[in-house]
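Not measured: the values here are computed from a predicted model. Atoms within a ligand are numbered from 1 in the order they appear, just like the ligands themselves.
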Amino acid sequence: MSPKTVPVDPFDCVIFGGTGDLSLRKLLPALYHRDRDGQVPPTSRIFSISRKAMDAASYRRLVENRVGKHKTDQTSWDRFLGRLDHIALDAAGGADWSRLKSRLDEVPGQVRVFYLATAPALYGPVCARLGEAGLAAPEARVVVEKPIGHDLASAERINDEIGKVFAERQTYRIDHYLGKETVQNLIALRFANSLFEPLWSATWIDHVQITVAETVGLEGRADYYDTAGALRDMVQNHLLQLLCLVALEPPRTFDADAVRDEKIKVLRALEPIGEDEHAIIRGQYRRGASDGKAVPGYLEELGEGKASRTETFVALKVGIGNWRWAGVPFYLRTGKRLAARTSEIVIQFRQVPHSIFPRSAGGLEPNRLVIRLQPDEGITLHLMTKEPGPGGLRLKSVPLDLSFAEAFAGGRFPEAYERLLLDVVRGNPTLFMRRDEVEAAWTWLDGSIRAWEEGSNAPKPYTAGSWGPTAATALIERDGRTWHEAAA
Ligand code: BG6
């Protein structure tokens, strides 16, 4: 695949937390790839901001060491390094911002993007300083990462603080799942084909499964993760965004507000989560094996003697109270240290209303549409067919497979951040979360999180390398259904 590369307007990207993990693992590689493909205009610059005293040369050395593995050729790499600079600034303190301002003013007329790759507690203070320094001009954009708060009240506080300086149209709340190719493809699948939409409702769909399974554990993020857990870290944002894209009504256009207006309707129609084992299962991994290697349990990873009720796995049965989806359960699950790294959406259609076939033909399996987000992106539609050969009619479920790697052979799929960063420069917020979406997601989850935190139940243990606690299997099997991999 060769992505179409239309250059964007010249920009300056200022990354607060420029020496941090997100910047070195995701943002800089993304900017490099777009630069290499010719999308970044010559005068564009990238400023890293952190408390570390460092000049441009030592920052470039750090980037060479940590990001250099993405280099495809020396010319593009040297050009990219040449765009980098570092400014030491205690972003929250009363430091002198004049150097940043004068560096930015050196090239007038560039789009200014302020990317806050910092702890959310710094979003308000950094925005305030940007305002005081005269850097929050109406054309400037601010990008914030999740988690935006840890509940509704804290999310509102952070949004208010950002909102004092930047208007909503200048604020880009990233959910990197929306930048994944296959997630955007879900919109194409639903609204660029006439085939599925007439079937896309409770009339023909039995249930939906959304799985985001990871094999990794804490990855050195214990301080953050132990205060968050799977519900806040993954469900509040990524899984709910996926659910919205499956469930939303056709937007009038593919415009930011048209799409987001439809997503918010879904979020507001989510039925309250019950607090019993029929609705939600929380789990925590114990030692086991992941990717063929022995791995410690969650508590051991946290450190000797630590106790924690934080869930590293959650499975939920969710209802959407509207005409389209009444009675169709959406089963969601996500967890760390699971059996495989796989993210997928499964649309399970209903059984045919009446079988015309004799028993000897074998059972009829309902159609199943599987949208694989990662790895091995693609779509599989399971159809019933006749097995070839003489000797009577035998039916068999056969996959009709669309592998994106094969269909669009010959190139790499851009990473989510590549698309999203350039959308910020273009001023296109369609794939970003609006304030009301973030707050509606918290409103829905808050009660459940509070009830759990006030209670004393322990998360259900599961062995690292498994598919989660057995109670999660029971959650869906109680309804006469199975998780997709169990049936495969
Ligand atoms: C992040 C979570 O938002 O998404 C991480 O904070 C998680 O805990 C990650 O590992 C998963 O993203 P991806 O793109 O690897 O599926």
Self-check item: Nearest non-hydrogen protein atom, atom 10 (O) of ligand 1
Solution: Glu214 OE2, 2.5 Å

Quiz prompt | Nearest-contact summary for atom 12 (O) of ligand 1 - protein heavy atom, Å | solution = His176 NE2, 3.2 Å

Quiz item: Is Tyr177 touching ligand 1 with its side chain, its backbone, both, or neither, if touching means heavy atoms under 4.0 Å apart?
Solution: side chain

Quiz item: At a 4.0 Å threshold, what atoms of ligand 1 neighbour a non-hydrogen atom of Lys336?
Solution: 5 (C), 7 (C), 8 (O), 10 (O)

Quiz item: Which atoms of ligand 1 sit under 4.0 Å from any heavy atom of Asp233?
Solution: 2 (C), 5 (C), 6 (O), 8 (O)

Exercise. Under 4.0 Å, heavy atoms only, figure out whether ligand 1 is touched by the backbone of Lys26, its side chain, both or neither.
Key: neither

Quiz item: Just wondering, are more than 12 heavy atoms of other shown residues or ligands nearer than 6.0 Å to CZ in Arg190?
Solution: yes

Practice problem: To the nearest 0.5 Å, tell me how far Glu418 CD sits from Lys26 NZ. | Solution: 10.5 Å

Quiz item: Can you tell me the protein heavy atom closest to atom 5 (C) of ligand 1 and the distance?
Solution: Arg221 NH1, 3.4 Å

Self-check item: Electrostatic pair Asp73-Arg36, nearest N-O below 4.0 angstrom
Solution: no

Quiz item: Would one find an N or O of His238, backbone or side chain, under 3.5 Å from an N or O of ligand 1?
Solution: yes

Practice problem: Have a look at Arg341, Lys146, Gln374, Lys180 and point out the one with the heavy atom closest to atom 14 (O) of ligand 1. | Solution: Lys180

Quiz item: So, are Arg372 and Glu344 salt-bridged, with charged N and O less than 4.0 Å apart?
Solution: no

Quiz item: According to the interplanar angle, ranging from 0 to 90°, do the rings of Tyr177 and His238 count as parallel (below 30°), tilted (30 to 60°) or perpendicular (above 60°)?
Solution: parallel

Quiz item: Do the rings of Phe196 and Trp200 sit parallel, tilted or perpendicular, given the 30° and 60° boundaries?
Solution: perpendicular

